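None of these values were measured; they are calculated from a predicted model.
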Amino acid sequence: MTGYHGPLQSMVFRNADLPMLFHRADEIAVARQREAVQATRLQLLLLVLGACLAALPGGWRIGEGFRLAGALSALAYAGVLVVTYRAARRRAKSHWQLNRSAAEFIKSMSWRYAVHGTPFDSDAPEVDGTYLSRLEEGLAELRKVGWQDPRDTDKATGGGLITPAMRMLRDKPFRVRKETYVRDRLIEQRTWYHRRQVVSRHATVLWSATTAALTVLALLLGLLQAFSAGGSPTVAGLLSAAAASSVAWSEIRRHQPLIAAHSLVEEDLAAMHTAMETVVTEEEWGAAVYEAERLVSPQHTDWLVQHRR
């Protein structure tokens with residue numbers, strides 16, 4: 001037990017209470033994710049547009065030999081090459097994933113420190129020093145694989161890695177820390193994973209229906225051609241290209257595997273929530289927090305995606 005007999009004061013702990021370095025890494029991750037997604041979307045759209053323009057009958061002839069549609073089609077394909085080259089140079093997807101890993105690592109370590117999660121238990125010596133050294137060690141590993149530390153270019157990003165709110169929560173008695181962690185971290189994460197499942201399911205239905213509709217139309221045109229009853233091979237090819245782009249987009253967004261992964265994490269968090277509310281003692285609390293943080297780590301989700309297809 002805590003031995004605390006005074007009035008308990010509840011405390012709210014939000015993302016705003018995390019270190020500035022978390023916020024900067026999170027901002028970069030969001031921006032790079034948007035850039036990577038937009039680049040992929042533009043590549044697919046230009047490929048389909050180029051195919052459509054190339055298939056136009058007549059090609060919008062200008063003069064004796066010039067076809068405007070053909071020129072525009074060539075520009076669309078050139079645009080694909082330009083977007084691909086720019087994406088390779090900027091490495092938006094890599095920066096997105098690295099900054100997301102950095103942000104989630106900082107967030108997880110901050111929560112562990114604030115609520116006495118392992119290795120920052122109540123009886124751990126030199127907790128502040130241990131927290132700072134563990135945090136810098138983890139960030140150093142990310143730098144080895146290409147993460148660009150925002151503090152290298154923006155000194156204001158550094159700030160304190162232990163915020164006043166983190167110290168305040170750490171100083172609260174066990175019951176307050178448990179209540180805050182369960183409400184503002186565990187339940188918040190369960191809600192996030194549930195919400196992402198709903199979004200992924202809707203997207204899966206949408207893109208599966210789109211692919212099926214385009215494929216059925218291409219099939220009908222193929223049957224018409226097979227029995228010499230009409231149908232255009234050019235249109236069938238365009239429908240096939242559009243269906244392939246639909247499949248590629250769905251695979252890139254990983255909607256289907258993420259549904260299974262997020263569902264499993266939500267179930268595990270529900271079980272952890274029940275355990276924390278009923279059977280986890282203060283002595284077991286540090287290990288329970290450590291396990292909960294492991295469940296919500298991006299690495300755990302990626303592992304589930306790879307093994308639950």
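Of the listed residues (W111, Y290, Y131), just one forms a ring-ring contact (aromatic ring centres under 6.0 Å, His included) with F120, and that residue is Y131.
For residues 23-33, the set of pairs meeting the side chain to side chain donor-acceptor pair (under 3.5 Å) definition, not counting sequence neighbours, comprises R24-E27, D26-R100.
Taking the salt bridge (Lys or Arg N to Asp or Glu O under 4.0 Å) definition, one finds that R90 meets it with E35, sequence neighbours left out. Among residues two or more places apart in sequence or in another chain, the side chain to side chain contact (heavy atoms under 4.5 Å, CB included) test is passed with S94 by R91, L98. Every residue meeting the side chain to side chain contact (heavy atoms under 4.5 Å, CB included) condition with T210, not counting sequence neighbours, appears here in chain and number order: L206, W207, L214, S246. When the salt bridge (Lys or Arg N to Asp or Glu O under 4.0 Å) test is applied to R143, the partners found at least two apart in sequence or on another chain are D149.
Checked against the 6.0 Å centroid threshold, W147 and H95 do not count as a close aromatic pair.
In this structure, NE2 on H255 lies 8.5 Å from CZ on R196, to the nearest 0.5 angstrom. Within the model, atoms CG of L269 and CD of E188 stand 12.0 Å from one another, a figure rounded to the nearest 0.5 Å.
Counting non-hydrogen atoms of neighbouring residues, nucleotides and ligands closer than 6.0 angstrom, the CZ atom of R134 reaches no more than 12 such neighbours.
S122 and H116 share a side-chain donor-acceptor pair at under 3.5 Å.
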Check the pair K107, N15 against side chain to side chain contact (heavy atoms under 4.5 Å, CB included), reporting the backbone distance first and the verdict last. CA-CA 8 Å; K107 185 176 185 178; N15 282 348; 3.1 Å; yes
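Hydrophobic clustering of Ile, Leu, Val, Met, Phe, Trp and Tyr side chains at less than 4.5 Å, counting indirect connections, unites M168 with I162. Hydrophobic clustering of Ile, Leu, Val, Met, Phe, Trp and Tyr side chains at less than 4.5 Å, counting indirect connections, keeps L44 apart from V83.
Formation of a donor-acceptor pair under 3.5 Å by the S108 side chain with backbone atoms of F105 is not found in this model.
Other residues sharing a hydrophobic cluster with I252 under the 4.5 Å side-chain heavy-atom criterion for ILVMFWY residues do not exist; the residue is a singleton.
For R185 and F13, the positive end is not near the middle of the six-membered ring at less than 6.0 Å and at most 45° from its axis.
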